[in-house]
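Here's the structure we're looking at; comments come further down.
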Protein chains: 2
Amino acid sequence: MVSGTGRVTLSDVAAASGVSRATASFVLNDDPNQTISPATQERVRRAARDLGYVPHGIARALREGTSRIVVLNVGSGLEGNYSRSYIRGLDDELAAHDHVLLVRHGHTTPHSIQQVLSAIVPRAVLRLAEAYLAGHELDEGDWKDGFAANAAMQIRYLADRGHTRLAFALPDNDSPLIEMRLFFARETTRTLGLLPPRPFVVPGPRAAGAEAVQAFLAAHSTVTAVAAFDDDVAVRILTALHDLRLSAPGDLAVIGFDDTEYGSLATPALTTVHIDAEAHGRLAARTALGLDATGLAPAPGRVIVRDSA
Amino acid sequence: MVSGTGRVTLSDVAAASGVSRATASFVLNDDPNQTISPATQERVRRAARDLGYVPHGIARALREGTSRIVVLNVGSGLEGNYSRSYIRGLDDELAAHDHVLLVRHGHTTPHSIQQVLSAIVPRAVLRLAEAYLAGHELDEGDWKDGFAANAAMQIRYLADRGHTRLAFALPDNDSPLIEMRLFFARETTRTLGLLPPRPFVVPGPRAAGAEAVQAFLAAHSTVTAVAAFDDDVAVRILTALHDLRLSAPGDLAVIGFDDTEYGSLATPALTTVHIDAEAHGRLAARTALGLDATGLAPAPGRVIVRDSA
DNA sequence: AGGGCTTACTAAATCGTTCTAGTTGCGAAT
DNA sequence: ATTCGCAACTAGAACGATTTAGTAAGCCCT
């Protein structure tokens, strides 16, 4: 039954069920333009199952001009609950449409990205958290609004607690999201009638972080609360405050973004915004495949109230 | 010059340089079994460059029976310096041999892994940190020894500080590495003439973690130091100690494994073992491609001494 | 002068699918 | 009794590379 190599091909299935390759293909792909008698369909499907036929993705891709693979380029930030749930949603939704997600990690020399593309001719290439930056198709989509709402939630929480002079803490890398977070933060303070938050950078190394926080507080003594770019940055601030013998929220209220385990383990435990990005991932999958993307409501984020703000 | 679709194919190159497809292929692949005149070689290469020819990986893969892609399956643990440097090394080395690394994230239903394989027919499929578990080819290789040495380093550090009753803290998931870490830990205590370390699990949620640590300390009051499976677990312990109003290293010395940023930000700052896994990644790449892997000495790990042990 | 060797190439098969353009046979309408 | 339409199939051409099995010409050797 099986040709030499061990792989069961469509020809094997066709031969085993006494039909041509074409017919076998039509049956197995449910081609709506063909009429195949139920009896034949049954025979083909049986043979496929019995022989353990699994279609050769490469051959299919060559014929179709594109593979059923979607590549997700992640720059650096893969930690955090957001990316994880985003990837889970993306992966699931793609799987539901017979596609597969592969993740490409950042060391993205232009040459090597070229390599990847030519190597697998993916159906789509996504970049984590960039769809809403460039994606004008999503202008009125739920995603951006959803993300904006989550970003606003962070600022609003601080405002609700009576803080009026805010800071916005940034990481020392250049995530493509920084611009957007800042924009939404300013937007939110504006609607609330507050001054725009003062941005400042918190570097990674512990001593440098403490120094930056100290310098910032010295220069802006009226600031009483800080919204962080993410939990990572927030934890740095918490550590800095500890090292400066200051306390949160007393001396400075701190709220993170994108719930991570480390935030929950920090002292004081970090108040943060939890975003379930699974729907975002699903949405991205649908639009990448050119499918209808309606009816996918991103779950609303929520503030996880702990001790730091 | 370019055929309708926009893609430049080998036929285009061949036509442009007045040779057959076969010749063009021989030239561009430096086929050692063929003799092509320098003049022709030059013409072909020129044409390829001018037209911007880039080989169609899918077509090539179909013909060759396997694509130039290596898939790395990562279960869950992608945080941490180890995985990052491992991936960097793997990626670089593969790139040096015209291959490409793609990472597959865990939601690995048996069906979806099947999908991936058939979709791209990768040259190899690796599993993060599993090569040394199954990999008998590496029995005497540098990798396992290197990893063993690093694991031993962690225990030895505690012993050098005079601790004789040790614990070994595990995460509440089932990483394939757990067995190995435990094995090496026991191995090391044996050579040092100490009792084997007592394993215990530290769950993720803060309250549960504190409870687990408290219960463990109550049950084993002679234990003075704990080696953690990784920095993650170590940070949980540090938090637990804080919540129990105990201190490290006074009440319990804590040492982590695989230097992460959060360890450095914990209070007290976490003492840990830093492993540069780049060479491990390179080695994995070489063996996956069936290449000579000699001369790749894994960099020795080192203990990052901070405040927790 | 014929066989053998080397150089410099080419025609065509091949990988496993998908899909277009037919081909058959049969019942119904003209 | 043609013609038409429809159901149920099939032959074979793509897709874009690699590679096997040649071919043709030139040179050397006996």
Side-chain angles (χ1 to χ4, degrees), chain A residues 2-44 48 51-69 98 115 117-121, chain B residues 2-44 48 51-69 98 117-121 123:
Chain A
V2 178
S3 57
T5 145
R7 199 177 228 292
V8 178
T9 75
L10 189 59
S11 294
D12 296 325
V13 174
S17 40
V19 299
S20 70
R21 268 195 340 272
T23 304
S25 175
F26 293 145
V27 170
L28 296 178
N29 293 324
D30 274 337
D31 190 324
N33 301 321
Q34 304 289 333
T35 53
I36 312 283
S37 74
T40 305
Q41 296 211 18
E42 171 58 17
R43 282 207 326 282
V44 170
L51 296 177
Y53 170 70
V54 22
H56 196 293
I58 297 259
R60 171 180 279 167
L62 178 59
R63 179 65 232 248
E64 292 188 335
T66 172
S67 70
R68 300 194 183 174
I69 294 177
D98 276 336
Q115 284 269 57
L117 298 190
S118 91
I120 64 179
V121 195
Chain B
V2 177
S3 58
T5 145
R7 199 176 228 291
V8 178
T9 74
L10 188 60
S11 295
D12 296 325
V13 175
S17 42
V19 298
S20 69
R21 270 196 336 272
T23 305
S25 175
F26 294 146
V27 170
L28 296 178
N29 292 323
D30 275 336
D31 190 324
N33 301 322
Q34 304 289 333
T35 55
I36 311 283
S37 74
T40 304
Q41 296 211 17
E42 171 58 17
R43 282 209 325 284
V44 171
L51 296 178
Y53 169 70
V54 23
H56 195 293
I58 297 258
R60 172 181 277 163
L62 178 59
R63 178 64 231 245
E64 291 188 334
T66 173
S67 71
R68 298 193 184 173
I69 294 177
D98 275 336
L117 298 190
S118 92
I120 64 180
V121 194
R123 176 73 183 275

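Lettering follows sequence order; numbering is per chain, from 1. As a basis for the values below, the full set of heavy atoms in this structure was taken, side chains included, without hydrogen atoms, waters or symmetry mates.
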Open item on the list: Rounding to an integer number of Å, can you tell me how far B/Ile120 CD1 sits from C/dG16 C1'?
Closed with: 17 Å

Open item on the list: If I take atom CZ from residue B/Arg7 and atom OG from residue A/Ser118, how far apart are they, to the nearest 0.5 angstrom?
Closed with: 6.5 Å

- [ ] Starting at atom CG of B/Asp31, determine the distance to atom C1' of D/dT18, rounded to an integer number of angstrom.
- [x] 9 Å

- [ ] Between A/Asn29 and B/Leu62, just flag the one whose closest nucleotide in DNA chain C comes earlier from the 5' side.
- [x] B/Leu62

Open item on the list: Could you work out, with side chain to side chain donor-acceptor pair (under 3.5 Å) as the rule, every residue matching B/Arg123, not counting sequence neighbours?
Closed with: B/His99

- [ ] Specify the separation, in whole Å, of atom CG of A/Leu10 and atom P of D/dT10.
- [x] 12 Å

Strictly under 3.5 Å: I want the nitrogen or oxygen pairs between protein and nucleotides 7-12 of chain C, one per line.
residue	atom	partner	partner atom	Å
C/dC9	OP1	B/Thr40	OG1	3.1
C/dC9	OP2	B/Ser37	N	3.1
C/dC9	OP2	B/Ser37	OG	2.8
C/dC9	OP2	B/Thr40	OG1	2.8
C/dC9	N4	B/Gln34	OE1	3.1
C/dT10	OP2	B/Ser20	N	2.8
C/dT10	OP2	B/Ser20	OG	2.9
C/dT10	OP2	B/Thr23	OG1	2.5

TODO: Rounded off to whole Å, could you give me the CG-to-P distance for the B/Asp12 and D/dC15 pair?
DONE: 11 Å

- [ ] Could you tell me the separation between the CD atom of A/Gln41 and the OG1 atom of A/Thr35, rounded to the nearest 0.5 Å?
- [x] 9.5 Å

Exercise answer: donor-acceptor pairs, residues 56-66 of chain B side-chain atoms, under 3.5 Å, sequence neighbours excluded:
residue	atom	partner	partner atom	Å
B/His56	ND1	B/Ile58	N	3.3
B/His56	ND1	B/Ala59	N	3.2
B/Thr66	OG1	B/Val121	O	3.4

Task: Distance test, side-chain N/O of A/Tyr53 to OP1/OP2 of C/dG16, below 4.0 Å - done: no

TODO: Grab the CD-P distance between A/Glu64 and C/dT17 for me, whole Å please.
DONE: 12 Å

Task: B/Leu28 CG to D/dT19 P, straight-line distance once rounded to whole Å - done: 13 Å

Open item on the list: From CZ of B/Arg7 over to P of D/dG16, roughly how many Å is that when rounded to an integer?
Closed with: 8 Å

Task: Under 4.0 angstrom between B/Asn33 side-chain N/O and D/dT19 OP1 or OP2 - done: no

Open item on the list: Counting distance alone, no hydrogens or angles: does the base of D/dT18 have a donor or acceptor under 3.5 Å from a partner atom on the side chain of B/Arg60?
Closed with: no

- [ ] Please identify each residue that fulfils side chain to side chain donor-acceptor pair (under 3.5 Å) with B/Ser11, with sequence neighbours left out.
- [x] none

Task: Partner set under side chain to side chain donor-acceptor pair (under 3.5 Å) for A/Glu42, not counting sequence neighbours - done: none

- [ ] Among residues two or more places apart or on two chains, list those pairs meeting salt bridge (charged side-chain N to carboxylate O under 4.0 Å, His left out) that have a residue in residues 13-22 of chain B.
- [x] none

